[in-house]
2 protein chains.
Amino acid sequence: MSRRTDASSVPDLVERARAGEARAVARLISLVEDESPLLREVMAALAPHTGHAQVIGITGSPGVGKSTSTNALVSELRKQDKRVGVLAVDPSSPFSGGALLGDRVRMQDHALDRDVYIRSMASRGHLGGLSWTTPQALRVLDAAGCDVILIETVGVGQSEVEIAGLADTTMVLLAPGMGDGIQAAKAGILEIGDLYVVNKADRDGADQVRRDLRSMLQLAERPEGAWRPPIVKTVAQKGEGLDEVVAEIDQHREWLTASGELEKRRTRRARDEIEAIAVTALRKRWGDVHGRSELDDLAAAVAAGETDPYAAADELLDTFAD
Amino acid sequence: MSRRTDASSVPDLVERARAGEARAVARLISLVEDESPLLREVMAALAPHTGHAQVIGITGSPGVGKSTSTNALVSELRKQDKRVGVLAVDPSSPFSGGALLGDRVRMQDHALDRDVYIRSMASRGHLGGLSWTTPQALRVLDAAGCDVILIETVGVGQSEVEIAGLADTTMVLLAPGMGDGIQAAKAGILEIGDLYVVNKADRDGADQVRRDLRSMLQLAERPEGAWRPPIVKTVAQKGEGLDEVVAEIDQHREWLTASGELEKRRTRRARDEIEAIAVTALRKRWGDVHGRSELDDLAAAVAAGETDPYAAADELLDTFAD
């Protein structure tokens, strides 16, 4: 297949991706990653076919066994004959632009399964991160007929919050020996999990992790009718406990639907996506006008103390409104 | 002092902050943190008095001794009679809104020093993070006459990059036993450091860390005349090596000035700041128009697959341009 894609090939690519052809899916996600000018057409063509997939975020500190758990979860979902997409996002390398793929090799279990699509995505720095390309990659996998999409991310600060914004269900992994309760609280994970998994449950300290987590979760005030995140123990390496994880994900899905929260989350997700695209378009305009941009002149004035950033922002917005 | 501040008290507050009154500085930074509507006036009043302070970013993984190093660096700078501001930003708790202050107590050495101003700032989630409030807190400290401002941040992914964007000089801390070279490469620290400090240099493995770091830094291609980041060994706990750190910071400062890079960095910083303010203002408008917003309607349409996010973003921008 040629690497070149032009506007005329978009409908064909979309058609083939919808039929489940892995190379067409790969090509579309590459267009997303490259921020191709064709994305507008791609997204327009995909839109009517989206909204089906269940999106599960998987996050946790390095070393808790995210890749192994993702792998085991794929196996479990395959028992139910679900088509599964996996997006592995590495937000820790904002500059290199290339994900370090070490852990990916573990996913080889599913390399030959036509109904599993696995993709590593590099995250882009700053504003980019998860927020810019990941939702669009989700759309591709969704339209390509995935029943479930797993987004796996190295859980550190920002990216955990972002993944919670993207997923229908956010699964937070912990493991014994990975740090105490304060670490958990610091990482902000207590606010984002819909489901907590204590992995490596055959090791010393697993029950302590569960107890600590439970008491911390109980401290959080939750309104009447709110979802109370369960805690499941697993040994992902041996595939143990994954059936329970899938059962809890299904429970959460039912609650999401019944409570109206699913629609709310998805609308919020669309809102963030629209905003990100609009803001990116604006930044481009601000940066591009007349060679040396208005923004550059304003920035020089602010740096020199001649004006302040608020007054400069007003000027920038006025220019644009003309 | 009353917690209430109104427009009429802004000039007085700014005057007192410029005279070095700690409570006035504290009040102004609180206005920044609260995103007070008075900020426009505050920033306008501060603008003519900014641009003096040297901004040093201090970052590194948890456990390398950031707070201890910051503390020791403050002592060293005080020997030169410099006025020092410290902003400690904890980006790992995006939801709680409150920084966990454990490490702060170590800074008590300087609690009674009138020429040291120390402030912990919580980082706000998502777009907020460092980028929104920190540059404005910098402006306050700058106008308040700080010669040097140290920004200390837990170094994880995103926030390291952000701190490099804010600082004139970015100092990356490492320590033996904190992980191997791949960890360093993953965290993207090789691209952001102007100065590397191997702390806890009295421990086994410190020389190995330095060797590994040096060979990794040598792999990076740097254009002719570019700054070559030095590596300094310290034992911050005992104040050892900090004189050399200060000497290297001064060297870097000289290079920044001579090469024109200082002006470039500061203009870029102002540019980011203006953009962040403009984008925030736009988001507010998009969210606020006519009760239920245009953006909400568009998001619902995207979530339902009736339109795609690009078309929705176009509509949003069109509405605004009218």
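Proteins get letters first, then strands, A, B, ... in listed order; numbering begins at 1 in each. Quick caveat, the model's predicted, so the values are computed rather than measured.
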Note to self: Counting heavy-atom pairs under 4.5 Å with chain B, which one of T50(A), L295(A), V302(A) comes out on top?
What the structure shows: L295(A)

Item checked: When M43(A), R40(A), E306(A) are compared by non-hydrogen pairs under 4.5 Å with chain B, the top option -> R40(A)

Check: Side chain, backbone, both or neither: which part of R139(B) has a heavy atom under 4.5 Å from chain A?
Finding: side chain

Note to self: Does any backbone or side-chain atom of A281(B) lie under 4.5 Å from a heavy atom of chain A? Answer side chain, backbone, both or neither.
What the structure shows: side chain

Check: Taking NZ, NE, NH1 and NH2 as the nitrogens, is one of them in R271(B) or D297(A) under 4.0 Å from a carboxylate oxygen of the other?
Finding: no

Next item on the list: Dump the intermediate steps for side-chain contact (heavy atoms from CB on, under 4.5 Å) on I151(B) and L166(B), then the final yes or no.
Entry: CA-CA 9 Å; I151(B) 318 180; L166(B) 282 178; 4.2 Å; yes

Notebook entry, point to check: Can you tell which of P309(A), A313(A), A45(A) has the highest number of heavy-atom pairs within less than 4.5 Å of chain B?
Noted result: P309(A)

Margin query: So does Q54(A) get a backbone contact from the side chain of D168(A), meaning a donor-acceptor N/O pair under 3.5 Å?
Written below: no

Next item on the list: For the pair D308(B) (side chain) and A47(A) (backbone), establish whether a donor and an acceptor sit closer than 3.5 Å, ignoring hydrogens and angles.
Entry: no

Check: Is it true that R265(A) and E261(A) make a salt bridge, defined as a side-chain N closer than 4.0 Å to a carboxylate O?
Finding: yes

Item checked: Heavy-atom pairs under 4.5 Å with chain A, option from A303(B), A299(B), A312(B) with the top count -> A299(B)

